[in-house]
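Chain identifiers are assigned alphabetically (A, B, ...) following the order of the sequence lines, protein sequences preceding nucleic acid strands; residue numbering begins at 1 within each chain. Computed over heavy atoms, backbone and side chain alike; hydrogens, waters and symmetry mates excluded.
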Amino acid sequence: MNGIIEIGSWRLLVAYFFLIVLLILIKGLEIGKEKEIIIATLRMTVQLVAVGYALDIIFNQSQFYISLLILILMQYFAIRNIYSRVKMPLNNKLRRVVVFSMLTGTTLTIFFFLVLVINLKPWYEPRYFLPITGMIIGNSMTGISLGVERLISGVTAKKELIEGALMLGATPKDATLDIVKDAFTSAIMPTINSMVGMGIVFLPGMMTGQILSGVSPLVAIEYQIAIMLGIIGSVSITVFILVRLGCQTFFNRWSQLEDTKGMGTHPW
Amino acid sequence: MEEGIIMFVLKNVCYKDVLEIEELVICPQKITCIIGESGSGKTTFLKMLDHLISPDQGTIEYKGQDIKALDPVLLRREVILLPQTPVIFPGTIKHNLLIGLFFARKTVVDDSTLLEIVNKIGLKRGLLDDASTLSGGEKQRLALGRVMLIEPEVMLLDEPTSALDDDTEAKTIEYVKNYVKRRRKTLVMVTHSKQLAKNYGETIVTISNGKLVSIEEVA
C-alpha cells in the first residue's frame with residue numbers, strides 16, 4: 001500500500017470521541033478541569049487547521065523570501081520563548097548573547113545541513129526547509145534555556161569561588177570555567193540522552209510521519225539519523241557560544257564580578 | 001623594586017557610604033596594619049586596592065599609575081588579596097595550592113615545595129587529603145599558604161588569623177612577617193586586634209565608621 005489513507009472530516013470528528021471519554025472521566029472524578037481541557041482541545045484544533053492552510057499556501061508558492069521570513073519568525077518566537085522559560089532575571093548583556101548564539105549557531109547548522117547533507121535544490125524549498133528549520137531551532141531553544149539557567153544559577157551559587165579565583169589573579173574565563181563546563185554539559189545531555197532510546201523505546205516523530213506517508217523505513221531512518229546529527233550540531237554550537245560569551249557578561253570592564261540580579265526587563 | 005616608588009596612594013576616595021579616605025599612602029616593603037571594629041570598611045578598603053570594586057569618587061594609584069588604567073588581572077597577580085573567609089576549591093590540598101599558581105600564571109612547583117609550605121603554615125595533613133574536610137582554621141592557613149606560594153609583590157590579608165587560637169596565630173603571623181621581610185614584599189593586613197597591629201605593624205592605620213582616624217608610624 002502506497003500513500004496515506006485520507007481521514008476526512010467525518011471520520012476526524014469520530015476521533016473527538018476520545019475527548020468525550022476524557023470529559024466523562026473528569027466529571028466522574030470531580031476534578032473540575034473541563035474548561036481547561038475543552039480550551040486546550042479547541043486551541044489545538046484551531047492552531048493546527050490554521051497552520052495546515054498556511055503551509056498549503058506556502059508550499060504552493062515556494063519563494064525564497066517566504067522561507068526566510070518564516071525562519072526569522074521562528075527565531076523571534078524561539079528567543080521570546082527562551083526569555084519566558086528562564087525563571088531568573090536576565091541582564092541585557094546576557095539577552096544579547098542569547099540572540100547572538102541562537103542566530104549564528106542555528107543558521108550555520110541549518111544551511112550546512114540543507115546544502116551539504118540533504119543537497120536541497122532550491123535551498124528554500126519549504127517542504128524541507130520549514131520542518132528541518134523548526135526541529136533545529138526548537139531543540140537549540142531547549143538547549144539554550146537550560147544553558148542560561150545553569151549559567152546564572154552557577155554564577156549566583158559560586159560567587160565566593162569566582163571572587164576567590166579573581167583575587168588569585170584569575171581571568172574571568174578561568175574563574176568561571178567549571179560553571180561553563182557544567183552549563184554546557186547539562187544543556188546538551190537531554191539531546192544526547194534522547195538518542196539512546198531512539199528506535200527502541202520510541203519511534204521519533206519525523207520518522208513516524210514519513211513511514212505513515214508511505215516512505216520506506218530505510219529512507220525514513222536516513223533522514224532521522226541525519227536530523228539527529230544536525231540537531232546535535234546545532235545544540236552544541238549554540239550552547240557553546242552561549243556559555244563562552246555568556247559567562248563574560250557577569251563581569252565589567254575591570255573584570256569585577258557584577259551583581260547577578262537582572263538589570264533590565266525589555267526583551268532585546 | 002625601584003627605590004622611591006610608593007606602592008599605593010589613595011586620594012579623596014569614597015565608596016558608597018561605607019568608606020571615605022582623603023589621603024593615604026602605603027609604602028613598599030613595609031607592614032601596614034589596618035585596624036578598626038567590624039563594619040568599619042576595612043574589607044572594602046582591601047577590595048579597592050585589589051580593584052575588585054571601584055571607588056565612586058577619587059583615585060587609587062598603584063606604583064604611580066591610576067589602577068583604572070591598569071589591566072585588573074595583571075594587577076591582581078601582583079597584589080593578592082586573602083579574604084577573611086577562606087575560599088577552598090573542590091579537590092585536594094595539592095590542587096588548592098596549585099590552582100593559585102595556575103590562576104596567577106606562575107610556574108608549577110614540585111611536591112617537595114608544596115610539602116614545605118604545608119609544614120611551615122602548620123598544616124598536619126597530606127597533600128592528597130580532601131581540602132573540604134579541613135577545619136576553619138586549617139582552611140585559613142591553606143589559603144594563606146596558597147598566596148605565599150605565588151610570592152606576590154603585595155599581600156593584602158583580611159583578618160588572616162581570625163579562626164586561629166592565640167598560639168597558632170602568633171606562629172603564623174611570625175612566619176608571614178619573616179617571609180615578607182626576607183623577600184622584601186609589601187604586606188597590608190586588616191585586623192581587629194590592636195595588640196597584633198602593635199606587635200607587627202610598621203604603619204598602623206585606624207579606621208572607624210568608614211573614616212580614617214589616625215596613621216601611626218611605629219619606630
Task: Nearest non-hydrogen partners of V87(B) and G164(A), listed with the distance - done: CG2-CA, 3.8 Å
Open item on the list: Is it the case that atom CZ in F202(A) sees more than 12 heavy atoms from other parts of the structure closer than 6.0 Å?
Closed with: yes
Open item on the list: Under the rule for side-chain contact (heavy atoms from CB on, under 4.5 Å), what residues qualify as partners of A165(A), not counting sequence neighbours?
Closed with: A170(A), A175(A), F89(B), F103(B)
TODO: List the atom of P90(B), the atom of L161(A), and the distance in Å for their closest heavy-atom pair.
DONE: CD-CD1, 4.4 Å
Open item on the list: When you compare the side chain of P72(B) with that of L166(A), does any pair of heavy atoms fall below 4.5 Å?
Closed with: no
Task: Toward chain A, the part of I150(B) with a non-hydrogen atom under 4.5 Å - done: side chain
Open item on the list: Does any backbone or side-chain atom of I88(B) lie under 4.5 Å from a heavy atom of chain A? Answer side chain, backbone, both or neither.
Closed with: backbone
- [ ] For T238(A), check side-chain hydrogen bond (donor to acceptor under 3.5 Å, both in side chains) against everything at least two apart and list the hits.
- [x] none
Considering only heavy-atom distances, could you tabulate the donor-acceptor pairs under 3.5 Å between chain A and chain B?
residue, atom, partner, partner atom, Å
G169(A), O, R77(B), NE, 2.8
G169(A), O, R77(B), NH2, 3.2
D174(A), OD1, R105(B), NH2, 3.4
D174(A), OD2, R105(B), NH1, 2.9
D174(A), OD2, R105(B), NH2, 2.9
W254(A), O, R76(B), NH2, 2.9
W254(A), NE1, K68(B), O, 3.3
S255(A), O, R76(B), NH1, 3.1
S255(A), O, R76(B), NH2, 3.4
Q256(A), NE2, H51(B), O, 3.0
Q256(A), NE2, S54(B), OG, 2.9

Task: Which residues share a ring-ring contact (aromatic ring centres under 6.0 Å, His included) with F111(A), sequence neighbours left out - done: W123(A)
TODO: Report the distance from atom CG of L168(A) to atom CD1 of I80(B), rounding to the nearest 0.5 Å.
DONE: 5.5 Å
